[in-house]
Amino acid sequence: MRIKQLNPRLSNQIAAGEVVERPSSVVKELVENALDAHCTRMDIDLEAGGTKLIRIRDNGDGIYREDLTLAMSRHATSKIEVVDDLDAIDTLGFRGEALASIASIAKVTMTSRRKAASESDDAEDTAWQVTVGGNLMTPELVPAPHPVGTTVEVKDLFYNTPARRKFLRTEKTELQKIEEVLRKISLSHQQVTINVSHNGKQSRHFAAVVDGSDIERRVGAVFGKGFMENAIYMERAYEGDAPGRKLSIKGWIGLPTYSRSQADQQYFYVNGRSIRDKLVSHAIKQAYQDVLFHGRHPVFALFLSIDPKMVDVNVHPTKHEVRFRDSQQVHGFLFKSIYSALADVRPTSDEGYGSVVGTTAISGMGAPGVGMQNNPTQGYMPLTSGNALHGASPFASDFQSFGDASSNNVREQLNHYGNLLRVNGDQASPEGLPETNDESVPPLGYAVAQIHGVYILSQNTNGLVIIDMHAAHERITYERMKRASDSEGMKKQPLLVPLSLALSEKECMVAMDFSNELEALGFELQQASEESLVVRSIPAILAKSDAEGLVKDVISDLVELGSSNRIQQHRDELLSTMACHGAVRANRRLTIPEMNGLLRDMEATERSGQCNHGRPTWKELSMYALDSLFLRGQ
Ligand code: ADP
Ligand code: MG
């Protein structure tokens, strides 16, 4: 076969293959164009899940009459001019191919009236309209009535590409995908009102944010009602050690106890652009790892600001992906920011968290009495029965299970933790119970009783606090063990028979580059050949683990992400198990001073709002919630 130049229509259709997968991709492109034109309002009409009609009207800047036809042709954009512009893109679009692609697989009409740029600018007093697609191969310009702004109408998507049409799902599914696109936009562009109708009926309305309470409403509309009460707002910034290295992050992160079984409510933006990124997901997952129930996914809406020069957005036609110039910096910054924000989740008198728990408790009590119909003892399966706290060293009986390989220093450590573990019973106990307005009352209040050896009841200024004593103690113990282990450093355990590892040349190089860091973690490595390493020692605390698998995983993290927290992760898993065994058992009777000691420890411990498995450690029932339980004052 001979080589032929493709005609423009066919090459646009090929480009459309990448950009326009389904109706929601069209919506994304059109909405982004409206936002780039500085609109404050968008009205979106859809029919049949967007397959029959997508019409988006905006009140943005509009388009010059002479540019209307150009806008529809490929490689035509007003957003960049020279190659250097690619280095610092501040618009959502820039590739100049969306409209041309869409017009090659649907019938497109665009009507626009330009906004006067200044008083002397005599912008036209009519709008102009152009139609492309169908049998109309050459676009024709006609005058049309239209206020300042632009309307783009896309009809009969994929009418000329039946193969594509076959991949469409039901109307409902396509509509859901469109709504997901709009949810993303509604979070990042809160100043814009978005109206959506489907088959002639209003289906969504996102009102523009004017003041603080609107934000809650808008974010709440995306995540559902419970989110704002179960989320923390965070802001962190890094000033940068050199020009262009400034980073900042802000947004909402769900409490670990408000997690989901799927990663379906995770929104991440880079300079206002919604993206998916492996490195970002990894950093966030890692930050949550210690507080999230196994297999659960956090919920978040986070906005990263970064110097546009430090991120390449021209990586993928749909612009869903980006490439960071210094991915390690971004990874580290995200991890630290979120990790520290989560560490602050503990009982405080700070309203945010207090009300969180209050609300959860109220909704949890929606059907009064349900819990009480059950046999009270059945509901509370003690985690382990009968195995009471063994004086100063609760690990004594669990020690064997970590035994042999872990050597003496683990035994020492355990004794050390054992001492740390003792519940601080000697703290001030209350004289009488707190008054509702007494500011000196600690957030978790003062213990009044223990029930069924499982829960502590406590009274604080708001009302009643219920504490799962095992869960709380487990977290406190775990955090202490981690701190103790951090301050002592990782002990090395030499291997009797050094382990030889076959790796790729690149992996060997990276491992040797990081050999100091690895040594600090307890790994002693030596290069044996271009493609093999010898491991002479491993971290003592992990002596029982699969050393070969661990080293390989760590090195592959280093190759891919430039950092690895696997060692710490393994150590934490081990410490967490130890803490679980060491924590006060259910069914142990505590004295009131012991209970108060535990409450004060919780207030002082990072992440103490959840146990090591991500379950909540305490709940508050405010007087209001209690009153409504008893229908008081109604
Ligand atoms: P890109 O957005 O990458 O520039 P598009 O094909 O999406 O490419 O759009 C081409 C051009 O048409 C844009 O650069 C912009 O100048 C103009 N345009 C498209 N939609 C609108 C709109 N809603 N309001 C104003 N101008 C628009
Ligand atoms: Mg565009």
Side-chain angles (χ1 to χ4, degrees), residues 8-9 11-21 24-45 54-83 85-86 88-106 108-117 121 123-124 127-133 139 141 144 146-154 181-182 184-185 188-189 192-195 272-274 312-320:
R9 192 171 168 77
S11 64
N12 283 339
Q13 282 172 335
I14 293 171
E18 288 175 314
V19 185
V20 187
E21 191 193 347
S24 63
S25 347
V26 174
V27 171
K28 173 180 183 288
E29 293 297 335
L30 299 184
V31 162
E32 288 187 351
N33 281 345
L35 294 171
D36 282 343
H38 314 102
C39 72
T40 56
R41 182 192 167 105
M42 268 187 253
D43 292 284
I44 304 176
D45 297 316
I54 297 171
R55 186 193 303 122
I56 303 192
R57 164 179 293 204
D58 68 57
N59 64 351
D61 300 337
I63 303 174
Y64 282 89
R65 175 192 165 180
E66 306 78 41
D67 288 354
L68 263 178
T69 36
L70 199 55
M72 299 280 223
S73 56
R74 187 125 175 259
H75 305 308
T77 179
S78 56
K79 301 172 193 175
I80 56 173
E81 269 182 73
V82 292
V83 64
D85 292 345
L86 273 181
I89 287 166
D90 60 359
T91 48
L92 293 167
F94 58 90
R95 297 172 60 100
E97 60 184 354
L99 288 178
S101 301
I102 296 167
S104 73
I105 48 165
V108 179
T109 302
M110 183 149 97
T111 315
S112 190
R113 179 160 151 201
R114 192 170 64 86
K115 183 164 148 189
D121 177 351
E124 296 167 69
W128 291 90
Q129 187 174 73
V130 57
T131 302
V132 200
L141 220 50
H146 193 280
V148 169
T150 305
T151 295
V152 181
E153 195 175 88
V154 177
V181 165
L182 297 173
K184 283 185 187 158
I185 291 289
S188 57
H189 293 76
V192 182
T193 296
I194 308 174
N195 267 315
R273 183 190 305 278
S274 161
D312 186 357
V313 293
N314 186 24
V315 189
H316 194 270
T318 61
K319 298 159 285 175
H320 275 310

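Ligands are counted one by one from 1 in listed order, and the atoms in each one are counted from 1 as well.
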**Report entry** Distance, nearest 0.5 Å, that separates CD1 of I89 from CD1 of I80
**Finding:** 6.0 Å

Query - D58 heavy atom under 4.0 Å from ligand 1 - result: yes

Query - Spacing of CG belonging to D121 relative to NZ belonging to K115, to within rounding of 0.5 Å - result: 11.5 Å

Query raised in the report: Mind checking whether K79 has a heavy atom under 4.0 Å from ligand 1?
Result: yes

Report task. Report, in ascending order of atom number, the atoms of ligand 1 lying under 4.0 Å from any heavy atom of R95. Result -> 3 (O)

**Report entry** atom 21 (C) of ligand 1: nearest protein contact (heavy atom, Å)
**Finding:** N33 CB, 3.8 Å

Query - D58 side-chain N/O to T150 backbone N/O, donor-acceptor pair under 3.5 Å - result: yes

**Report entry** Numbered atoms and elements of ligand 1 in range of A71, under 4.0 angstrom, heavy atoms
**Finding:** 10 (C), 12 (O)

Report task. Could you tell me the residue and atom name of the protein heavy atom closest to atom 1 (P) of ligand 1, and the distance to it rounded to 0.1 Å? Result -> G96 N, 3.6 Å

Query - Contact atoms of ligand 1, heavy-atom distance to G93 under 4.0 Å - result: 2 (O), 3 (O)

Query raised in the report: Is it true that some N/O/S atom of N33, main chain or side chain, lies under 2.8 Å from the Mg ion (ligand 2)?
Result: yes

Query raised in the report: Which residue owns the protein heavy atom closest to atom 26 (N) of ligand 1, what's the atom, and how far is it?
Result: I63 CG1, 3.3 Å

Requested in this report: Decide whether an N or O pair under 3.5 Å exists between S78 and ligand 1.
Outcome: yes

Query raised in the report: Is there a donor-acceptor pair closer than 3.5 Å between any side-chain N or O of D85 and the backbone N or O of V82?
Result: yes

Query raised in the report: Short question: side chain of S112, backbone of I63 - any donor-acceptor pair under 3.5 Å?
Result: yes

Report task. Examine distances only and state if a side-chain atom of R113 and a backbone atom of H146 form a donor-acceptor pair shorter than 3.5 Å. Result -> yes

**Report entry** Chi angles and distances behind the side chain to side chain contact (heavy atoms under 4.5 Å, CB included) call for T151, R55
**Finding:** CA-CA 7 Å; T151 295; R55 186 193 303 122; 3.6 Å; yes

Requested in this report: Would you check whether L99 has a nitrogen or oxygen atom less than 3.5 angstrom from a nitrogen or oxygen atom of ligand 1?
Outcome: yes

Report summary line: Value for CG (D43) from CG (N195), rounded to nearest 0.5 Å, stands at 5.0 Å

**Report entry** Contacting atoms of ligand 1, where contact means under 4.0 angstrom from a heavy atom of A98
**Finding:** 6 (O), 7 (O)

Report summary line: Here the atoms of ligand 1 under 4.0 Å from any heavy atom belonging to T77 are 1 (P), 4 (O), 14 (O)

Report task. Side-chain contact test, heavy atoms from C-beta onward, threshold under 4.5 Å: evaluate it for E66 versus L141 and give yes or no. Result -> no

Report task. Using distance alone, decide if ligand 1 has a nitrogen or oxygen within less than 3.5 Å of any nitrogen or oxygen in A37. Result -> no

Report task. Take every heavy atom of G60, measure it against each atom of ligand 1, and state whether any distance is under 4.0 Å. Result -> no

**Report entry** Numbering as shown, the atoms of ligand 1 that approach F94 to under 4.0 Å (heavy-atom distance)
**Finding:** 1 (P), 3 (O)

Query raised in the report: Is the side chain of K319 donor-acceptor paired with the backbone N or O of R273 at a distance under 3.5 Å, no angle test?
Result: no

Query - Check: G93 main-chain N/O paired with D36 side-chain donor or acceptor under 3.5 Å - result: yes

Query raised in the report: In terms of atom number and element, which parts of ligand 1 are under 4.0 angstrom from non-hydrogen atoms of A76?
Result: 10 (C)

